[in-house]
Amino acid sequence: MLPADFALESLPTPLAVWHAAWHSISSQPVSLPSPKASTRRYCSDASHVCRRLQSTKNFSSVCVTDTGALGGKLLGVVTSRDIDFVSDRSTPLAEVMTRDVVTAPAGTTAKAAQETLKANKKGRLPVVNAAGELVALATRASFVGERFLPPQGAPSLDGQGRLRCGAATGTREGDKERIAALVAAGVDAVILDSSQGDSTYQLQMLAYIKQQHPSLDVICGNVVTGAQARRLIAAGADGLRVGMGSGSICTTQEVCAVGRGQATAVYQVSRVANQLGVPIIADGGIQNSGHICKALALGASAVMCGSMFAGTSEAPGDYFHINGQRVKKYRGMGSLDAMAKGSEARYLSDTQNLKIAQGVSGTVKDKGSVRKTVPYLAQAVKQGFQDLGVQDVPQAREALAAGTMRMECRTGAAQAEGGVHDLLTYEKTPW
């Protein structure tokens, strides 16, 4: 959204339609919009100033409101056609915007919005309330793109039918205020974010949360041994993250000589956690569907797919090009780039003059939508479990405990043999 007196010189050409991810207008990088958002196909939860939209978001239009924000009175719409031949870049948007805009009332369903776009042959449909204030935006592009994506699965909902949501927080004194705000916003769980979860800081914060917010689930970590897991579970942890230094952008094992092989860490922690009824998350090292099969079979209840989902259209960050390849930036929380943005407290470096990096920054190629990636991964894991001879995760754990399914280490030669080899050229297409 933009105010009517915003000058064209401040905008790239062309401009943008809000039809995908929305960001808070707040300057705080991790602002907290409502985590209990609706599951409509059009956007209605935030806005931000239009910057570098054509190259980074591939948008071509913007809505103009009297406040320059979502919730302001809709004044008009500016498209690339409105500014293509405007030579004076200081021209206010009010002088070039289209004021006669087809709108839909608040509460319009996605199906009704699509029919309105079709009937009026428009590319965008602002949704306004009774006062004429912009509350959402439906676009033709989003509905067209929907036809090329697999059907959406059932969402994960809480007892009130709202989307489940979690948020990360630290273990410092100032994080207590953040936790209170998260609880007020309705989060279902918080993750105590630390590279080393077996610490007095985390134990103290866990005790505080359980006392002040007893109904809030707390996921602790990261840990890699059964002893670490036992201490956190005894203190009240509802879940654990497992992994240290195994992420694609993490250098903790190299810099600090701590950590563990991820498969070993998941197996050893799960032996303790599963006996005590606490789920664990395999965090790090997941590069393909086969790794997910291994993590689940070794005792994990879920996996984190940071590098696998980085580069998708839903992932944070803007697209740019390197040597003709469309990419997004991907950085480790222990990298100097992330520390400059405030992650140094996670590595106890916020009070030190010399910052020691435990991660790197890099780029990952454009991977499209997670709507395509997740169904492939789910089906591949199902086929993996079929080949294992088990029907579900609990059966896989029983087979591992009984010795009917065994894990073996593979040599480098065996790993090379198990991959594609002895071909002059090939194209590896996952699906």
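In this text the structure is predicted, and so the values were computed from the model without any measurement.
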Practice prompt. Would you confirm whether Arg326, through its side chain, and Tyr319, through its main-chain N or O, come within 3.5 Å as a donor-acceptor pair?
Written response: no
Worksheet entry | Under 3.5 Å: donor-acceptor pair, side chain of Thr65, backbone of Ala69 | yes
Discussion item. With a sphere of 6.0 Å drawn around NZ of Lys176, does it hold more than 12 non-hydrogen atoms of other residues, nucleotides or ligands?
Written reply: yes
Worksheet item: Under the 3.5 angstrom rule, does the side chain of Gln395 hit a backbone N or O of Gln391 as a donor-acceptor pair?
Response: yes
Worksheet entry | Backbone of Gly221 reached by a side-chain donor or acceptor of Gln202 within 3.5 Å | yes
Worksheet item: Short question: side chain of Arg164, backbone of Pro155 - any donor-acceptor pair under 3.5 Å?
Response: no
Worksheet item: In this structure, are over 12 heavy atoms from other groups packed under 6.0 Å from Glu177 atom CD?
Response: no
Practice prompt. Calculate, to the nearest 0.5 Å, the distance between atoms CE and CG belonging to Met244 and Asp283 respectively.
Written response: 10.5 Å
Discussion item. Take a 6.0 Å sphere around CZ of Arg230 and say whether it holds more than 12 heavy atoms from other residues, nucleotides or ligands.
Written reply: no
Discussion item. I need the minimum non-hydrogen distance between Gly299 and Asn274, along with the two atoms involved.
Written reply: O-ND2, 3.5 Å
Practice prompt. Provide the closest heavy-atom pair for Ala295 versus Val266 in the form atom of the first, atom of the second, distance.
Written response: O-CG1, 3.9 Å
Worksheet item: To the nearest 0.5 Å, how far apart are CG in Leu377 and SG in Cys293?
Response: 10.0 Å
Practice prompt. Might you point out which heavy atoms bring Pro126 and Leu134 nearest each other, and give the distance in Å?
Written response: CB-CD1, 3.7 Å
Counting only pairs under 3.5 Å, give me each side-chain donor-acceptor contact of residues 210-218, with atom names and distances, residues two or more places apart or in other chains.
unit_1, atom_1, unit_2, atom_2, d
Lys210, NZ, Leu216, O, 3.3
Lys210, NZ, Asp238, OD1, 3.4
Lys210, NZ, Asp238, OD2, 2.5

Worksheet item: Will you find, in the side chains of Glu314 and Ser369, an N or O donor that is under 3.5 Å from an N or O acceptor?
Response: yes
Worksheet entry | side-chain contact (heavy atoms from CB on, under 4.5 Å) between Arg260 and Thr225, intermediate numbers included | CA-CA 9 Å; Arg260 201 173 196 178; Thr225 71; 3.8 Å; yes
